[in-house]
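Comments concern the structure below.
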Amino acid sequence: MTDTVRVRFAPSPTGYLHLGGARTALFNWLFARQHKGTFILRIEDTDIERSSDAMVQGILEGMHWLGLDPDEGPFFQSSFVEQHRAAARRLIEAGRAYYDFTPKQPPRDRTVKEQIPDRTRAQALIGKERNPYRDLPLEEAARRIEAGEPAAIRLKVPEEGVSRFEDLVYGTQERDYSDIEDLVLIRSDGHPLYNLSVVVDDIEMRITHVIRGQDHLTNTHKQVLIYEALGVALPQFAHLPLIFAPGREKLSKRKHGEVVSVTTYRDRGFVSDALVNFLALLGWSPGSDKEIMTRQELIEKFSLEGVHKAAAIFNFNESKEDSFPQDARDWTDPKALWMNGEYIRSMPIEELTSMVAKEFKKAGLWSDGYETDKREWFAQTVDLLRARYRAITDFSALGRPYFTDDFEYEEAAVKKNLKDERLKELLPGLAERLASIDEFTHDAAEAVLRNYAEENGVKAGLLINAARTALTGQSVGPGMFDIMIALGQKRTVERLRQAVALL
RNA sequence: GCCGCUAUAGUGUAAGUGGUUAACACGCAGGCCUCUCACGCCUGAGAUUACGGGUUCGAGCCCCGUUAGCGGUACCA
């Protein structure tokens with residue numbers, strides 16, 4: 001069983017789980033499931049200052065909601081630093097790495113990224129100078145270390161040749177050794193650095209496929225070098241295209257805020273299967289026209305070959321970015337919203353009602369009767385509403401009038417449907433007629449209303465639309481007589497009588 | 001700066017080894033349904049396949065160049 005697939009998702013806990021990370025986790029998970037392999041979660045927390053426990057919790061929470069619980073882990077990279085140091089020592093002994101006694105550069109005001117051009121320009125001026133400590137005899141280095149002199153450990157990158165590896169998505173990757181610096185493995189304060197840590201951990205965890213964001217593509221060469229120096233066979237690499245915001249820029253927690261956080265989708269009424277389905281299609285295609293897929297179908301159809309190379313734009317409404325989260329309707333990618341609605345209207349009703357139940361408990365709309373004597377009614381009403389909702393939260397917000405008498409009348413609706421003077425007389429009259437029905441059914445209610453309209457010489461539509469607003473406070477909704485049945489005779493009559501006050 | 005990756009309607013993606021009207025989904029517009037909205041159904045607009053060369057009878061697919069975007073380039077991850 002040596003070739004059992006083992007993959008990992010290795011986020012750094014510098015923020016909540018965002019869509020990009022979620023997509024990476026999902027692809028790893030799909031790959032593992034498809035191959036009956038193991039999905040591992042490893043938190044890359046070696047940068048202690050930027051890591052926090054709350055962030056780790058956030059990531060776990062997001063993954064759990066998405067149904068991507070790891071088979072192993074979470075492991076914390078920080079707990080393996082001894083292994084990392086040991087690996088570095090082995091490389092020193094093998095002559096594949098060396099101690100660098102160059103004093104550490106003090107941090108500057110500008111960000112490191114901004115300094116890079118300067119650095120290379122300076123280097124160009126002096127010519128590609130080799131690190132003076134690269135060939136320092138080990139005995140002398142050991143002596144200086146013994147004396148307490150601080151030193152970083154750098155990898156000895158070969159001077160000539162090319163690094164090469166096969167990427168399952170991007171194909172053959174080559175990079176000249178001369179373009180790779182002798183990277184630092186261990187800081188002079190003994191702190192192991194990322195490239196060393198990942199490699200050591202991936203070896204330790206017997207990772208067979210490294211599936212991660214494309215932002216790691218060029219650095220993979222450095223890792224390949226470390227694998228080789230360590231004398232360990234390479235895993236397979238597969239890099240995933242990045243996900244951009246509408247402006248073609250990388251998704252960022254800082255800049256794009258809550259719209260990119262997975263938990264936002266949970267809190268705003270997304271069905272996790274729908275989000276998973278949507279995310280799966282961001283950068284991957286099953287090769288067929290079928291886009292709505294269950295988890296099982298995704299697992300079966302997923303393949304690294306179907307992964308796209310170009311970055312995908314997550315098309316959320318950027319113009320409304322600042323006002324987030326006020327925009328209740330079109331706050332995120334329209335296709336994601338559509339897909340969520342698709343799930344809401346096509347999933348088994350029992351599944352839907354249990355999600356709505358959870359939402360109602362949170363919103364204070366829950367009644368225990370919905371699980372007992374009114375169970376049937378609850379399911380029917382949810383079913384009646386689902387075709388026009390796109391989020392679970394719509395049931396508690398837009399659907400409120402169907403479940404409680406404590407609801408608001410929308411001003412625009414009142415203005416539109418209750419402005420006709422004749423309604424002052426007609427509505428109470430209609431209420432009495434409806435009250436006198438023995439068996440309050442859809443057809444009976446309809447017959448009463450239409451007759452009443454005819455008797456009074458008004459169009460049925462006038463009464464129907466007025467009644468909708470009188471009963472729900474809204475101008476849109478299900479068919480009028482379905483609403484009446486959902487509300488029941490008593491509440492229908494009551495609300496119709498009370499509506500006079502609005503005229 | 002240097003190195004690398006990418007480029008198909010507004011967005012997500014299709015288009016076996018080059019083969020003719022570039023397909024599907026979302027979105028958008030119009031229509032049908034109807035008491036409203038949504039769903040559903042129908043129709044439509046929207047692409048000189050980033051640009052320029054080349055190979056070929058034939059290029060979205062192959063080659064070269066250009067441009068743009070992005071990523072990396074750190075004693076960050």
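All of these numbers come straight from a predicted model, not from anything done at the bench.
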* Asked: Starting at NZ of K255(A) and ending at P of rC70(B), how long is that distance when rounded to a whole Å?
  -> 11 Å

* **Trace of the salt bridge (Lys or Arg N to Asp or Glu O under 4.0 Å) decision for D330(A) with R390(A)** => CA-CA 10 Å; D330(A) 297 306; R390(A) 295 188 301 179; 3.5 Å; yes

* Asked: How far, in whole Å, is rC24(B) from rA47(B) if one measures between their C1' atoms?
  -> 15 Å

* Asked: For atom C1', what is the distance between rA74(B) and rA59(B), given to the nearest Å?
  -> 44 Å

* side-chain N/O R187(A) vs rC76(B) OP1/OP2, d < 4.0 Å -> yes

* Asked: Which part of the nucleic acid, if any, lies within reach of T102(A) when heavy atoms closer than 4.0 Å are counted: base, sugar-phosphate only, or nothing?
  -> base

What protein N or O atoms touch nucleotides 62-65 of chain B N or O atoms at under 3.5 angstrom, if any, and at what distances?
none

* Asked: When you check the side-chain N and O atoms of T441(A) and D443(A), is any donor under 3.5 Å from an acceptor?
  -> no

* Please confirm whether any donor atom in the side chain of S188(A) sits under 3.5 Å from an acceptor in the base of rC75(B), or the reverse. => yes

* **Separation between the C1' atoms of rU66(B) and rA23(B), rounded to whole Å** => 30 Å

* Asked: In whole Å, what is the span from the NZ atom of K309(A) to the P atom of rG60(B)?
  -> 19 Å

* Are R144(A) and Y99(A) in a cation-pi contact, defined as NZ or CZ under 6.0 Å from the six-membered ring centre and within 45° of the axis? -> no

* Whole-angstrom distance between rU17(B) and rG53(B), as gauged at atom C1' -> 26 Å

* Indicate whether any N or O donor in one side chain lies under 3.5 Å from an N or O acceptor in the other, for Y98(A) and D182(A). => yes

* How long is the gap from OH on Y409(A) to CZ on R495(A), to the nearest 0.5 Å? -> 6.5 Å

* Pairing stems for RNA chain B [at least three consecutive pairs; Watson-Crick or G-U; under 3.5 angstrom] -> B:1-7 with B:67-73, B:10-13 with B:23-26, B:28-32 with B:40-44, B:50-54 with B:62-66

* Asked: Please walk me through it: do F270(A) and F278(A) pass side-chain contact (heavy atoms from CB on, under 4.5 Å)?
  -> CA-CA 11 Å; F270(A) 260 76; F278(A) 175 76; over 6 Å; no

* Just call it for K222(A): base, sugar-phosphate, or nothing, with non-hydrogen atoms closer than 4.0 Å on any strand. => sugar-phosphate

* Asked: Heavy atoms under 4.0 Å, any strand shown: does F314(A) hit a base, just sugar-phosphate, or nothing?
  -> nothing

* Mapping P103(A) and A310(A) to their closest nucleotides on RNA chain B, which lands nearer the 5' end? -> A310(A)

* Can a side chain N or O of H191(A) be found less than 4.0 Å away from OP1 or OP2 on rA77(B)? -> yes

* To do: Given side-chain hydrogen bond (donor to acceptor under 3.5 Å, both in side chains), test H239(A) with T220(A) step by step and report yes or no.
  => CA-CA 10 Å; H239(A) 287 86; T220(A) 303; 3.2 Å; yes

* Nearest whole angstrom, please: distance from the C1' of rA77(B) to the CG of D201(A). => 13 Å

* **side-chain contact (heavy atoms from CB on, under 4.5 Å) partners for N465(A), two or more places apart** => N417(A), R468(A)

* Rounded to the nearest angstrom, tell me the gap between atom CD in Q214(A) and atom C1' in rA7(B). => 13 Å

* Asked: Over how many whole Å does the gap from L217(A) atom CG to rU6(B) atom C1' extend?
  -> 11 Å

* Under the side-chain contact (heavy atoms from CB on, under 4.5 Å) rule, what do Y194(A) and V198(A) come out as? Steps first, then yes or no, please. => CA-CA 6 Å; Y194(A) 174 72; V198(A) 240; 3.9 Å; yes

* Rounded distance (Å) that lies between atom P of rU73(B) and atom OH of Y194(A) -> 10 Å

* Residues forming a side-chain hydrogen bond (donor to acceptor under 3.5 Å, both in side chains) with S163(A), sequence neighbours excluded -> H221(A)

* Asked: Quick one: do D420(A) and R422(A) make a salt bridge, cutoff under 4.0 Å?
  -> yes

* Asked: For D179(A) and rC2(B), what is the distance between atoms CG and P respectively, to the nearest whole Å?
  -> 11 Å

* To do: Please work out which of the three classes, parallel, tilted or perpendicular, describes the rings of Y389(A) and F395(A), given edges at 30° and 60°.
  => perpendicular

* **Distance in angstrom units between D100(A) CG and rA74(B) P, rounded** => 14 Å

* To do: Measure the distance between the ring centre of H216(A) and the centre of the six-membered base ring of rA77(B), then answer whether it is under 5.5 Å with planes under 30°.
  => yes

* **Integer angstrom distance from the P of rU8(B) to that of rG52(B)** => 16 Å

* Could you work out which one of rC5(B), rA7(B), rG12(B) sits closest to the side chain of L281(A)? => rG12(B)

* Mind checking Q474(A) for me? I need base, sugar-phosphate or nothing, with any heavy atom below 4.0 Å counting as a touch. => nothing

* Asked: Rounding to the closest angstrom, what is the interatomic distance between rA15(B) and rA9(B) at atom C1'?
  -> 15 Å

* Asked: How would you label the contact of K459(A) with the nucleic acid (heavy atoms, under 4.0 Å): base, sugar-phosphate, or nothing?
  -> nothing

* To do: Return the set of residues passing side-chain contact (heavy atoms from CB on, under 4.5 Å) with D273(A) (not counting sequence neighbours), or none when no residue passes.
  => V271(A), R295(A), Y343(A)

* Asked: Among rC5(B), rA77(B), rG12(B), which is the nearest nucleotide to the side chain of I313(A)?
  -> rG12(B)

* Asked: Can you tell me how far P in rG54(B) sits from the matching atom in rG60(B), rounded to whole Å?
  -> 15 Å

* To do: Determine, for nucleotides 25-41 of chain B in 5'-to-3' order, which nucleotides have protein heavy atoms under 4.0 Å from the base (write B), from only the sugar-phosphate (write S), or from neither (write -).
  => BSS-------BBBBSS-

* Asked: Does N195(A) have a side-chain nitrogen or oxygen under 4.0 Å from the phosphate oxygens OP1 or OP2 of rA77(B)?
  -> no

* **Side-chain N or O of H308(A) closer than 4.0 Å to phosphate OP1/OP2 of rA14(B)** => yes

* **Closest-nucleotide 5' rank along RNA chain B - winner of N315(A) and F101(A)** => N315(A)

* Asked: Under 4.0 angstrom, heavy atoms only, what part of the nucleic acid is G171(A) near: base, sugar-phosphate, or nothing?
  -> nothing

* Whole-Å C1' distance, rC51(B) and rC28(B) -> 29 Å

* Can you list the steps and then say if M347(A) with R386(A) is a side-chain contact (heavy atoms from CB on, under 4.5 Å)? -> CA-CA 10 Å; M347(A) 77 201 300; R386(A) 79 208 285 201; 4.1 Å; yes

* Asked: Relative to the ring of F316(A), is the ring of H256(A) parallel (under 30°), tilted (30 to 60°) or perpendicular (over 60°)?
  -> perpendicular

* Scan L242(A) against the nucleic acid and name what it touches under 4.0 Å (heavy atoms): base, sugar-phosphate only, or nothing. => sugar-phosphate

